[in-house]
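As structure tokens, the structure follows; a few thoughts come after it.
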Amino acid sequence: MSLGWPGNALGSPQRSLRRCLWRGTSGPNAALRLRFNHFATECSWDHMYIYDGDSIYAPLIAVFSGLVVPETKGKETVPEVVTTSGYALLHFFSDAAYNLTGFNIAYSINSCPNNCSGHGRCNAGNSVAGRVYCECDEYWKGEACDIPYCRANCGSPDHGYCDLTGEKLCVCNDSWQ
């Protein structure tokens, strides 16, 4: 599911002073994951505040203003914000001075971070409090399986190889350091 502005959530283009609130509920202590597919607002004048709870008195966990863009092709990482209370409150404020394209935020409940980055499987078994986690493929680590054990596969086969038996590190060929 997703919400956006201007567009499907409000149904009108950015034209005037606006304050909007979205409240997401996923159930007690569930993880609500917000993925910023697009965010383009007037920097320092238009703001998105995200709270881990159902009111502005809950912990403020993120603030966005300006441009948020994915990394280069092949690394389609976009920011994710996770609430753990089972609720999320998004408060958006915009002035009328300068209009950009708005935002699109997808959300999911108890899902894996960045869908395990294409380097693992999402697993719910043996997780704490029913939360899901990534089970990473052989050469990957990190919460979202987005960190390689060996960068560029250690230059294999010419420069070395990735040794996954012990400390999981690069082993250089004799002529390389």
Side-chain angles (χ1 to χ4, degrees), residues 1-120 122-124 127-134 136 140-147:
M1 307 196 106
S2 65
L3 53 95
W5 182 75
N8 64 349
L10 299 176
S12 63
Q14 180 180 355
R15 289 198 184 119
S16 61
L17 184 67
R18 291 210 183 248
R19 273 184 195 210
C20 300
L21 290 172
W22 289 274
R23 190 176 333 191
T25 304
S26 60
N29 300 316
L32 201 117
R33 188 171 301 280
L34 306 168
R35 183 177 170 89
F36 284 73
N37 296 316
H38 176 80
F39 193 91
T41 64
E42 184 182 9
C43 188
S44 298
W45 293 97
D46 299 343
H47 298 88
M48 169 72 73
Y49 299 92
I50 302 174
Y51 299 88
D52 189 357
D54 61 356
S55 77
I56 61 168
Y57 301 107
L60 176 65
I61 58 172
V63 178
F64 291 95
S65 182
L67 298 175
V68 177
V69 295
E71 293 178 18
T72 60
K73 278 282 188 212
K75 289 188 163 214
E76 292 296 323
T77 303
V78 293
E80 284 191 337
V81 175
V82 181
T83 67
T84 57
S85 66
Y87 304 94
L89 180 72
L90 284 71
H91 179 201
F92 180 68
F93 175 82
S94 174
D95 68 359
Y98 187 71
N99 301 322
L100 292 176
T101 55
F103 58 85
N104 179 275
I105 304 169
Y107 61 94
S108 58
I109 300 168
N110 285 338
S111 63
C112 283
N114 277 335
N115 295 319
C116 301
S117 305
H119 302 293
C122 195
N123 194 334
S127 62
V128 178
R131 298 226 171 97
V132 295
Y133 65 94
C134 289
C136 298
W140 297 90
K141 62 183 176 179
E143 180 188 21
C145 300
D146 57 346
I147 303 167

Q. What class does the angle between the rings of Phe64 and Phe39 fall in, given that below 30° is parallel, 30 to 60° is tilted and above 60° is perpendicular?
A. tilted
Q | Sole candidate of Ile109, Asn110, Thr84, Thr25 that passes side-chain contact (heavy atoms from CB on, under 4.5 Å) when paired with Leu32 | A | Ile109
(Q) Within the 4.5 Å heavy-atom criterion, are Arg33 and Pro113 side-chain neighbours or not? (A) yes
Q: Find the distance between OG1 (Thr41) and CG (Leu67) and round it off to the nearest 0.5 Å.
A: 7.5 Å
Q.
Rounded at 0.5 Å granularity, tell me how far CG in Asn115 sits from CD in Glu80.
A. 7.5 Å
Q: State, yes or no, whether a side-chain contact exists between Phe36 and Val81 at a heavy-atom distance under 4.5 Å.
A: yes
(Q) Counting C-beta onward and ignoring hydrogens, is there a side-chain heavy-atom pair between Asp95 and Glu42 closer than 4.5 Å? (A) yes
Q: Compare every heavy atom of Asp46 with every heavy atom of Ser65, then report the nearest pair and how far apart it is.
A: OG-O, 2.7 Å
**Q.** Tyr107 OH to Leu34 CG distance, which is reported to the nearest 0.5 Å
**A.** 9.5 Å
Q | Nearest atoms (heavy-atom pairs only) where Asn37 meets Ala106 | A | ND2-CB, 3.5 Å
(Q) How close do Asp146 and Ser117 get, counting heavy atoms only, and between which atoms? (A) CB-OG, 3.5 Å
Q | Minimal non-hydrogen separation, Ile56 against Tyr51, with atom names | A | O-CE2, 3.4 Å
Q | For Gly53 against Ala58, the heavy-atom pair lying closest together | A | CA-CB, 3.5 Å
Q) Do the side-chain sulfurs (SG) of Cys122 and Cys112 come closer than 2.5 Å? A) yes
Q. Is there side-chain contact between Asn114 and Arg35, with heavy atoms separated by less than 4.5 Å?
A. yes
Q) To the nearest 0.5 Å, how far apart are OG in Ser55 and NE2 in His91? A) 12.5 Å
Q: Please tell me if the side chains of Leu89 and Asp54 come closer than 4.5 Å, counting only heavy atoms from C-beta onward.
A: no
Q.
Let me confirm one number: the SG-CG distance from Cys20 to Leu90, rounded to the nearest 0.5 Å.
A. 11.0 Å
**Q.** Heavy-atom closest contact (Asp52 atom, Ser85 atom, distance)
**A.** OD1-OG, 2.7 Å
Q. Below 4.5 Å, heavy atoms only, C-beta onward: do Phe103 and Ile105 meet side chain to side chain?
A. yes
Q: Evaluate whether the separation between SG of Cys116 and SG of Cys145 stays below 2.5 angstrom.
A: no
**Q.** Under the disulfide bond (SG atoms under 2.5 Å apart) test, residues paired with Cys43 that sit two or more places apart
**A.** none
Q | Euclidean distance, Ile50 CD1 relative to Ile61 CD1, rounded to 0.5 Å | A | 6.5 Å
